[in-house]
**Q** 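This structure is in structure tokens; I'll ask about it shortly.
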2 protein chains.
Amino acid sequence: MKKCIHNSLSDQVYTMLKEQILSGQLKGGMKIPEESLAEQFGVSRTPIREAVRRLSEYGLVTIKPRSYASVSTITEKEAEDIARVRVTLEQLAVDSIDEAGYLAHVKELSRFAADCQYAMGIGDRASVFEQDNLFHLALIKASRNSALISLYERLDAKIQQLRIAQNLNEHELSLCLAQHGEMMNLLKGGEKERCKALIHEHVFHRSIDLGAPR
Amino acid sequence: MKKCIHNSLSDQVYTMLKEQILSGQLKGGMKIPEESLAEQFGVSRTPIREAVRRLSEYGLVTIKPRSYASVSTITEKEAEDIARVRVTLEQLAVDSIDEAGYLAHVKELSRFAADCQYAMGIGDRASVFEQDNLFHLALIKASRNSALISLYERLDAKIQQLRIAQNLNEHELSLCLAQHGEMMNLLKGGEKERCKALIHEHVFHRSIDLGAPR
DNA sequence: GAACCCATCGTTGTATACAATGGACACACC
DNA sequence: GGTGTGTCCATTGTATACAACGATGGGTTC
């Protein structure tokens, strides 16, 4: 019950920069000199440096030593690579979810799925993405595998970056959202293999059961 | 052909601290005050901070904000979690390896496997671990999936920490090393499913084909 | 006119100084 | 005696100052 209002400046800058990158306000390739950021945020270069370095660990920023830092870009190939790993991790989560983990997170899952639908209804795309992201994070957390959770959180930034770049149309998006509910049903019924296949479809937006067992 | 001798102090400190942690010189739970490290390395606190923060991103150091940083410990449960994720990632790599990736890395793989055996022969345990690690990294790299590679490198630090803590006996260790060659044969023959099963056995040191298809 | 070299400037990398918070100890109070 | 509280100190968080390297642009030479 501590007052966590006093986050460090470094944290605040990190959060805001991340938002700016993921919202597209800071576009891929843009240089981000420490001094100008410091001016913009009204702090010294020290917390800026820490934030930028943390972002580089998450792959959102590329640092060229002794030269400059810039917002990372994603190539087509990288996007595919990320999706492939993402599917694998989420499938591992599904495999790992047991009764207790399911019960502990089912409320969260359904809430995020619902909020997602709601945001879709009012046309709030940013919120859709946010809730969608939370849904998948909750799925991972239900695995209760700390290493899995921590690794997925690493990928998460790039996944979000991708989600934006993908720019799905209304139809595709609503199809995706419907799959959230389907996933939960399959989970509830213990139909893990079908759930894993659905996740593949969910991420790749096409119905291939690559990776599913025969 | 650039002179990369001039690594930043922050990098040097990072490397040395990582070594000290992974060699067990810095034991889990030990506090690592910035100032004493700065004194020890003969640099200011700035590069120390950057190094420690980077280590915390890799899970080797735990930072308690505004209080202190300490070397992370691994619980039994975490060890299992890490192993589970590790197996999944390496299996994904095997699935992803194509002809070109195999050819590009087969030389590396056999070299590391051989160096591993050699180090085992002369009883150089540290070197065995190092080469073993390089072997598995090469396996991952053969997938040519950048996201997979980057994620695995994140886990790698913890995997190395585990390898030390595990403290396998001579018999178990030499059994493991023999499996490297076996893996390469299976890869060469394109027997991916058997290779994936072997990887599970390799990591968990017991012959269970959990995760293998039926 | 093009290529190379050199100097300057801007930016990053590091050191140091200062501010602010958390922890430990001692003391008082219950 | 145990618990709560207040002060002090050690350590972190941030700002600023300085050093060192890389990039850019102009001048010289072929």
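The figures that follow rest on heavy atoms only: side chains count, while hydrogens, waters and symmetry mates do not.
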**Q** Identify the pairs formed between an N or O of the protein and an N or O of nucleotides 7-9 of chain C at a distance under 3.5 Å, and give each distance.
**A**
none

**Q** Is L134(B) close to D115(B) at the side-chain level, that is, under 4.5 Å between some pair of heavy atoms?
**A**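 No; the side chains remain at least 4.5 Å from each other.
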**Q** I need the NZ-C1' distance between K31(A) and dG22(D), as an integer number of Å.
**A**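 One finds 11 Å between C1' of dG22(D) and NZ of K31(A), rounded.
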**Q** With a 4.0 Å cut-off on N to O distance, would you call R125(A) and E170(A) a salt bridge?
**A**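 E170(A) and R125(A): salt-bridged.
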**Q** Would you check if there is a donor-acceptor pair between the side chains of D156(A) and Q160(A) at a distance under 3.5 Å?
**A**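 A donor-acceptor contact under 3.5 Å links the two side chains.
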**Q** Give every pair of a protein N or O atom and an N or O atom of nucleotides 10-13 of chain C that lie under 3.5 Å apart, one pair per line with the distance.
**A**
unit_1	atom_1	unit_2	atom_2	d
dT12(C)	OP1	E34(A)	N	3.4
dT12(C)	OP2	E34(A)	N	3.3
dT12(C)	O3'	R66(A)	N	3.4
dG13(C)	OP1	R66(A)	N	3.0
dG13(C)	OP2	R49(A)	NH1	2.9
dG13(C)	OP2	R49(A)	NH2	3.2
dG13(C)	OP2	R53(A)	NH2	2.6
dG13(C)	N7	R45(A)	NH2	2.9
dG13(C)	O6	R45(A)	NH1	3.1

**Q** So does G101(A) get a backbone contact from the side chain of H105(A), meaning a donor-acceptor N/O pair under 3.5 Å?
**A**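 No; zero donor-acceptor contacts below 3.5 Å.
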**Q** OP1, OP2 of dA15(D) versus side-chain N and O of S44(A): anything below 4.0 Å?
**A**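 Checking S44(A) against dA15(D): at least one side-chain N or O falls below 4.0 Å of OP1 or OP2.
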**Q** Within the distance-only criterion (no hydrogens, no angle test), does the side chain of K158(B) pair as donor or acceptor with the backbone N or O of G59(B) below 3.5 angstrom?
**A**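 Pair found, side chain donor or acceptor close to backbone of G59(B).
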**Q** Going by atom type alone, with no hydrogens or angles, which donor-acceptor pairs under 3.5 Å involve a side-chain atom of residues 36-47 of chain B and a protein atom two or more places apart or on another chain?
**A**
unit_1	atom_1	unit_2	atom_2	d
S36(B)	OG	P33(B)	O	3.1
S44(B)	OG	T46(B)	N	3.3
R45(B)	NE	E34(B)	OE1	2.9
R45(B)	NH2	E34(B)	OE1	3.0

**Q** Rounded off to whole Å, could you give me the CD-to-P distance for the E50(B) and dT12(D) pair?
**A**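 Distance, rounded to whole Å: 16 Å.
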**Q** If I take atom CD in residue E39(B) and atom P in nucleotide dT11(D), what distance separates them, rounded to the nearest angstrom?
**A**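 In whole Å, dT11(D) P lies 11 Å from E39(B) CD.
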**Q** Angle class for the H180(A)/H202(A) ring planes (parallel below 30°, perpendicular above 60°, tilted otherwise)?
**A**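 It falls in the tilted class, 30° to 60°.
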**Q** For residues E57(A) and Y58(B), determine if any side-chain heavy atom of one lies less than 4.5 Å from a side-chain heavy atom of the other.
**A**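 E57(A) reaches Y58(B) side chain to side chain.
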